[in-house]
Asker: 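Pasting a structure here, questions to come.
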Amino acid sequence: MSEMRYAAPANLEDAVALLSGANGAARVLAGGTDLLIQMRGGRVKPELLLDVKGIAEMRSILAENGGIRFGAAVSCMELVEHALFVQTWPGVTDAVKLIGSVQVKGRASVGGNVCNASPAADSVPAMIAAGAIASIVGPGGRRELPVEDIAAGPGKTTLAKGELLVSFLLPRRAPRSGDAYLRFTPRTEMDIAVVGAGVNLTLDAQGVCTQARVSLGAVAERALLVPEAAAALIGSKVDADALKRLGAAASAACRPIADKRGTREFRIKLAGVLARRAAQIALDRARGKN
Amino acid sequence: MDMKTTKPEEKAFKVVGTRPVRPDGVPKVTGQARYGADFALPGMLWGSILRSPHAHARIRAIDTSKAAALPGVKAVITSADFPEQEYEFIGPERVAVNFWHMTRNVMAREKVLYEGHAVAAVAATTRAIADAALELIEVDYAPLPHVIDVDAAMRPDAPLLFEDMITRGIEPPPAKPSNISKRIEFGIGDLAAGFAAADAIVEMDFTTAPVHQGYIEPHACLARFDNKGQGELWSASQGHFVVRAFTAKLLNMNIGDVLVHPAEIGGGFGGKTVIYVEPLAAALSRRSGHPVKIMMSREDVFKSTGPTSGASMTVKIGARKDGSIVAAEGLFKFQAGAFPGSPVMNATMCGFAPYNIPNVRSVGYDVVCNRPKSAAYRAPGSPISAFAVESVMDAVAAKIDMDPLKFRLLNACKTGTPTVWGPKHAHDGYAETLQALLAHPAYKAPLGKNQGRGVASGFWFNNGGESSATVHVNEDGTVVVATGSMDIGGSRASMAIMAAETLGIEYEAVRAIVADTASIGFTHVTGGSRVTFATGIAVVEACNKVIAELRARAAMIWKIEAADVAWESGCAKPAGAAAGKFEPMPLKAIAAKRALTGGPIGAEASVNAGGAAPGFASELCDVEVDPETGAVKILRFVVAQDVGRAIHPSYVEGQLHGGVVQGIGWALNEEYIYDDAGHLTNAGFLDYRIPVASDLPMIEAVLVEVPNPNHPYGVKGAGEVNIVPAMAAVANAINSAVGRRLTDLPMSPPKVLAAIDAGC
Amino acid sequence: MAETLARTPAHIVLISSLSGRYTGGAKEFDIEAKTLLDVIRALEERYPGLGEHLEEETSVAIDGEIHEVAYYHVLRPGCEIYFIPKIEGG
Amino acid sequence: MAKHHVTAALNGNSVEFLCETQQTLLDVLRDELQLTGSKEGCATGDCGACSVTIDGRLVCSCLVLGVEAQGKSIQTIEGMAQGDRLHPLQRKFLEHAALQCGICTPGILIAARSLLERNPDPSEGEVRYWLAGNLCRCTGYNKIVDAVLDAAREMRGS
């Protein structure tokens with residue numbers, strides 16, 4: 001049997017050196033809630049498991065320039081129990097709360113959710129809508145990348161060999177802005193999104209939408225940023241008409257597969273419905289109604 | 001809120017009907033109870049099973065030499081290590097066992113018949129080595145075309161699982177082989193005349209998906225077998241005597257040479273009345289000379305153990321304007337899985353059983369296909385036909401503009417009503433469940449937008465049969481009850497309650513255990529809602545023998561005739577003034593004198609219990625449907641079931657709650673999803689969606705007690721019939737909410753949404 | 001009492017798969033019997049093989065009450081006996 | 001291959017064990033430490049039968065590697081009762097008949113304790129959502145939810 005190494009470096013330099021130097025497949029172990037299942041099913045056979053939970057930046061939640069920086073290996077439960085995070089980013093919180101059971105959230109991280117690159121990952125559309133920026137460290141140094149540019153397709157990322165996603169920066173919250181995430185699953189919990197929709201919008205003093213980002217999950221090979229859907233909101237008062245146009249644009253952007261979790265038609269229709277409902281919640285939050 | 005309706009004239013019991021803590025409770029809340037996977041022995045090896053990646057393929061050759069050579073591997077087995085069995089159906093119809101089939105199901109021989117079919121097994125010093133060895137076994141498969149669904153499997157051009165299978169039950173037998181294992185028909189009256197007299201007729205087609213029992217404990221066992229032809233098994237099953245019989249037969253051993261210890265069982269619901277891993281662990285142990293443990297993975301459980309059948313059905317019911325049903329006809333086609341033996345016969349018998357229908361016919365087909373062989377699941381067959389029949393009942397009631405509960409009540413069977421299979425019903429109980437719902441406040445509660453209410457009913461036989469029990473009086477006057485019934489949901493408590501009631505002593509003075517196969521007489525499986533009924537009768541009979549002995553001992557002490565001693569409230573008493581004047585002598589005092597009066601006091605009783613009374617359940621379900629997503633939320637669910645008598649009402653309520661929730665899962669989300677290659681794509685708890693706590697409201701149980709005169713405390717059996725009406729109740733509620741009748745299970749959101757959109 | 005029993009026959013009904021196989025289609029019989037054993041013996045005598053089949057592969061409904069087939073069941077005068085397939089639960 | 005040498009606190013006691021990289025904490029508890037109260041229902045984190053807490057955090061032990069336990073404090077069902085005193089949740093589960101087969105019970109008790117530590121007065125809905133990661137196929141969850149709410153009441157002293 002092939003030997004599987006385990007290493008738990010205490011700093012980024014050691015982590016990157018280990019990742020770069022691995023002879024075969026190396027896998028980053030944060031919460032392990034996807035990785036351990038893949039290993040058990042024989043789908044991945046890493047030569048090196050790199051446990052990154054000992055690296056300070058990857059485990060901390062800090063205010064930064066009016067925004068929030070949180071480590072890629074911070075567990076979902078730590079995030080949803082963090083008062084500032086929950087208050088500032090209710091939509092991202094909604095999404096993080098939906099990642100599995102309490103038990104799974106006790107281990108799972110947003111970094112893992114992003115790097116696992118499942119098109120149905122719950123946190124990703126919310127993070128994309130929020131405009132989250134990932135901070136990546138590799139042999140060549142540090143670089144910043146919008147979250148929507150990390151997944152390349154199911155199970156594939158744009159990270160190069162030796163690169164490690166270290167933390168995320170959620171930008172400063174504009175006044176009169178709000179975000180929301182909704183997903184559809186047949187059960188209330190313990191399910192994978194059939195469709196997910198994240199909306200983040202900002203209003204001016206008159207209640208007109210000045211900025212919006214809309215992202216959809218599980219309707220394509222990776223989570224989509226849908227500017228056409230956002231365009232339906234911008235310049236409107238997010239009234240019924242605008243919401244209807246948003247829904248249509250969201251549905252039009254879908255290119256889903258049919259699988260055990262839902263048909264194509266179902267996903268296309270639901271994307272519109274959920275985008276509309278998420279926008280309504282984001283609107284209420286922007287108006288200060290929760 | 002849970003409720004109970006009992007006829008007022010019933011006599012009061014002291015212990016029956018109370019809710020004491022179960023004897024096996026503390027070990028189960030402290031993690032000390034030992035289940036199938038929790039046993040270990042010195043020198044134990046780990047067994048692992050190689051399974052087919054193909055839905056259907058011929059096995060050309062298996063080369064195990066590389067696996068056997070891996071350091072740490074102690075034994076490798078294939079079907080060649082099991083003796084061939086005769087091709088014959090042994091025993092009663094529905095449960096006929098064909099060991100030629102069974103040995104092929106536990107280990108494929110000529111062909112693999114489903115993805116996950118076992119083809120070889122390895123025992124090694126660690127789990128990791130055993131798993132690595134599997135990858136070194138080379139199987140040369142010749143893939144064959146496969147067939148999954150029942151209608152496809154019945155087509156003349158379908159790929160055949162067995163090239164020589166001739167349908168049984170057709171005279172003269174068909175000339176050509178097919179996948180149809182058996183045809184079954186029951187009927188009474190004149191169907192054509194009946195339908196001719198109807199004012200309203202509804203006929204509809206239905207399909208249901210196979211669903212898994214979904215017990216949380218994967219199959220597991222530990223085997224210690226030696227070359228001298230004896231062995232022991234620690235196994236979590238619904239019947240250790242059945243495990244013993246099947247394992248001995250497949251290994252060509254004497255039954256007496258196999259000892260099976262009852263592990264605690266982590267759920268079964270019918271799925272653990274058969275064997276999978278036990279003969280493999282035993283063969284590996286015999287070959288290696290070491291104890292061997294096998295634990296299935298959850299994926300193995302889904303891919304290779306019994307779901308219940310998926311089905312394709314047509315049901316037609318005709319009624320007069322006054323509400324009387326005049327005729328009914330049902331066609332029920334069931335997937336048996338890879339080997340014959342679906343529960344279609346039960347489906348044909350149970351579907352129309354709740355109703356007084358003068359002209360009725362049921363036809364069933366048992367059809368093999370490339371899926372795991374179906375196994376019993378909670379009232380096997382009845383929930384499937386009830387989904388069709390109770391949906392059509394709802395439609396007929398609507399057509400003649402009658403309240404659906406009153407329509408059922410008008411046609412409800414009672415003692416003397418003829419059945420489709422011939423004899424007349426011998427028990428009441430159905431009408432009482434309908435009356436309980438009619439009287440329930442939920443039936444008149446208002447509904448909001450997109451909300452709907454559905455009702456449905458169900459019938460299940462409840463079983464009797466062979467059971468054994470011993471009752472021993474200890475030196476201090478406490479009592480030990482042992483039975484051969486695996487305890488799957490609190491039966492040790494109900495046995496202790498019945499013993500305490502019969503003996504007239506405190507519940508706390510009685511302890512109940514499950515004995516191994518060498519320590520008690522044959523006892524049939526814990527299934528068919530039979531344990532509290534049949535094993536309960538054995539316990540009460542053994543107690544009565546003990547009472548006779550206690551009276552004799554008291555008589556000896558008092559120097560009077562045993563016939564002059566009565567037993568009352570746990571004490572021997574003189575039977576009337578003529579018998580003499582003695583203070584009542586409690587059981588404890590007699591026990592203290594046991595040596596002086598003849599030695600230990602105890603008795604065994606073994607019975608073949610007949611006169612089991614059927615179970616009826618009627619259910620009410622309120623749903624809210626999201627018209628934009630097709631999501632169905634269960635708002636309220638009331639189940640009224642005739643249980644005869646609730647010995648331990650908490651555990652009886654638990655059966656009702658649990659059965660209903662399984663039915664809700666079956667109705668809304670549970671299904672086997674195959675890809676084009678015949679691979680199961682949702683073999684895990686993530687995508688095989690059993691209900692979670694947040695999906696559900698509190699289920700409201702109404703225990704209706706119409707006692708069974710054939711049981712000393714009136715027990716009818718409570719475990720199964722609660723699941724029977726559930727899917728139709730949900731379907732009828734969805735129809736009431738959105739005006740769309742869903743006829744394909746599961747009624748998952750894409751289907752509900754498609755039905756809503758199709759009507760817009 | 002025994003006299004009365006013997007003079008009032010029990011009414012026996014077979015399911016069609018049995019009548020097709022053993023009795024040339026005859027489904028219903030009136031048999032003078034005190035116990036189920038008498039019924040099985042009488043049917044076996046008339047139709048060799050049927051008695052054994054009934055013992056091993058059926059249940060019996062006596063006046064609607066379902067029992068496993070057992071010799072000792074005492075029969076009520078004029079009772080109705082159906083040999084039916086055996087049911088097994090989950 | 002060299003095994004990892006791990007030192008941890010288990011139910012308040014210091015333990016040492018050896019494990020291979022791929023062995024999960026559940027495997028270690030059951031196969032190396034003979035603590036079989038934590039159950040394997042799925043090994044994919046979908047059933048909760050293997051629930052334990054690590055440094056107070058509720059997790060599925062099937063989704064944790066044994067080697068990750070180094071230096072951690074682990075609580076399993078075997079540590080829930082204090083000597084001969086059952087935890088109120090354990091008592092209430094018995095009183096309410098909140099178990100049938102009992103295979104899910106250890107995981108549910110650990111999860112419920114974790115809930116009540118954070119929220120001593122949960123609503124029925126909060127109990128249901130917190131326990132959504134613990135599958136029970138027998139009970140339909142009624143009596144489990146009742147038992148948790150009743151235990152919470154008792155523990156609050158109201």
Side-chain angles (χ1 to χ4, degrees), chain A residues 1-8 10 26-54 59 73-81 94 97-109 112 185 187-192, chain D residues 1-6 19-27 38 40 42-72 107-108 110-115 117-119 125-135:
Chain A
M1 277 172 298
S2 62
E3 187 173 318
M4 192 193 303
R5 286 190 296 143
Y6 169 87
R27 279 288 190 280
V28 174
L29 173 65
T33 53
D34 288 312
L35 178 59
L36 264 59
I37 296 168
Q38 290 161 3
M39 281 163 50
R40 193 181 175 94
R43 294 196 291 280
V44 297
K45 293 183 179 172
E47 178 264 332
L48 170 69
L49 282 187
L50 189 76
D51 185 342
V52 295
K53 293 190 289 296
R59 290 299 299 279
V74 170
S75 79
C76 294
M77 285 306 284
E78 289 170 309
L79 277 176
V80 304
E81 287 173 1
D94 291 343
K97 276 186 177 168
L98 289 168
I99 298 176
S101 60
V102 177
Q103 287 88 333
V104 167
K105 287 195 284 270
R107 292 267 297 166
S109 64
T185 56
R187 292 189 290 189
T188 49
E189 283 280 325
M190 301 305 292
D191 233 328
I192 301 292
Chain D
M1 140 185 177
K3 291 186 173 185
H4 305 283
H5 175 236
V6 178
C19 67
E20 292 169 3
T21 301
Q22 75 277 5
Q23 270 184 296
T24 65
L25 178 59
L26 177 63
D27 293 339
S38 305
E40 179 183 310
C42 67
T44 51
D46 298 313
C47 80
C50 65
S51 295
V52 302
T53 60
I54 300 181
D55 289 348
R57 186 64 78 188
L58 180 67
V59 300
C60 287
S61 59
C62 72
L63 292 185
V64 178
L65 294 176
V67 64
E68 290 182 87
Q70 173 61 39
K72 300 282 196 285
I108 291 187
I110 291 290
R113 183 177 65 181
S114 170
L115 168 65
E117 281 166 5
R118 283 162 180 74
N119 181 356
E126 285 169 334
V127 173
R128 287 184 179 277
Y129 273 90
W130 187 273
L131 293 181
N134 292 85
L135 298 182

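Since the model is a prediction, treat every value here as computed from it, not as a measurement. Lettering of chains follows the sequences in order, A, B, ..., and the numbering in each one begins at 1. As a basis for the values below, the full set of heavy atoms in this structure was taken, side chains included, without hydrogen atoms, waters or symmetry mates.
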Asker: So, A:R40 and D:E40, do they make that salt bridge, N to O below 4.0 Å?
Answerer: yes
Asker: Apply ring-ring contact (aromatic ring centres under 6.0 Å, His included) to D:Y129 and list each qualifying residue two or more places apart in sequence or on a separate chain.
Answerer: none
Asker: Relative to chain A, which segment of D:E68 carries a heavy atom at a distance below 4.5 Å: side chain, backbone, both, or neither?
Answerer: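 Both backbone and side chain.
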Asker: Can you name the side-chain hydrogen bond (donor to acceptor under 3.5 Å, both in side chains) partners of D:R113, sequence neighbours left out?
Answerer: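 D:R113 satisfies side-chain hydrogen bond (donor to acceptor under 3.5 Å, both in side chains) with no residue once adjacent residues are dropped.
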Asker: Which atoms of D:L115 come close to chain A, meaning under 4.5 Å heavy atom to heavy atom: side chain ones, backbone ones, both, or neither?
Answerer: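 For D:L115, neither part sits under 4.5 Å from chain A.
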Asker: Just checking heavy atoms, which of residues 45-55 of chain D are less than 4.5 Å from chain A?
Answerer: D:G45, D:D46, D:G48, D:S51
Asker: Is a donor on one side and an acceptor on the other found under 3.5 Å between the side chain of A:S109 and the backbone of A:G112?
Answerer: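 Yes, the answer is positive, given that a donor and an acceptor are paired below the 3.5 Å cut-off.
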Asker: If we ignore hydrogens and angles and just use 3.5 Å, is the side chain of A:K53 paired with the main-chain N or O of A:A73 as donor and acceptor?
Answerer: no
Asker: Who passes side-chain contact (heavy atoms from CB on, under 4.5 Å) against A:S101, sequence neighbours left out?
Answerer: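 If we apply the side-chain contact (heavy atoms from CB on, under 4.5 Å) test to A:S101, skipping adjacent residues, the hits are A:Q103, A:V104, A:M190.
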Asker: Can you tell whether the side chains of D:R57 and A:E81 come within less than 4.0 Å, N to carboxylate O?
Answerer: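 Yes.
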Asker: Please look at D:R128 and chain A and tell me whether the side chain, the backbone, both or neither of the residue comes under 4.5 angstrom of a heavy atom of that chain.
Answerer: neither
Asker: Please look at A:L35 and chain D and tell me whether the side chain, the backbone, both or neither of the residue comes under 4.5 angstrom of a heavy atom of that chain.
Answerer: neither
Asker: Going by the side-chain contact (heavy atoms from CB on, under 4.5 Å) test, name the single residue among A:K45, A:M39, A:R27 that passes it with A:M4.
Answerer: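 Passing option: A:M39.
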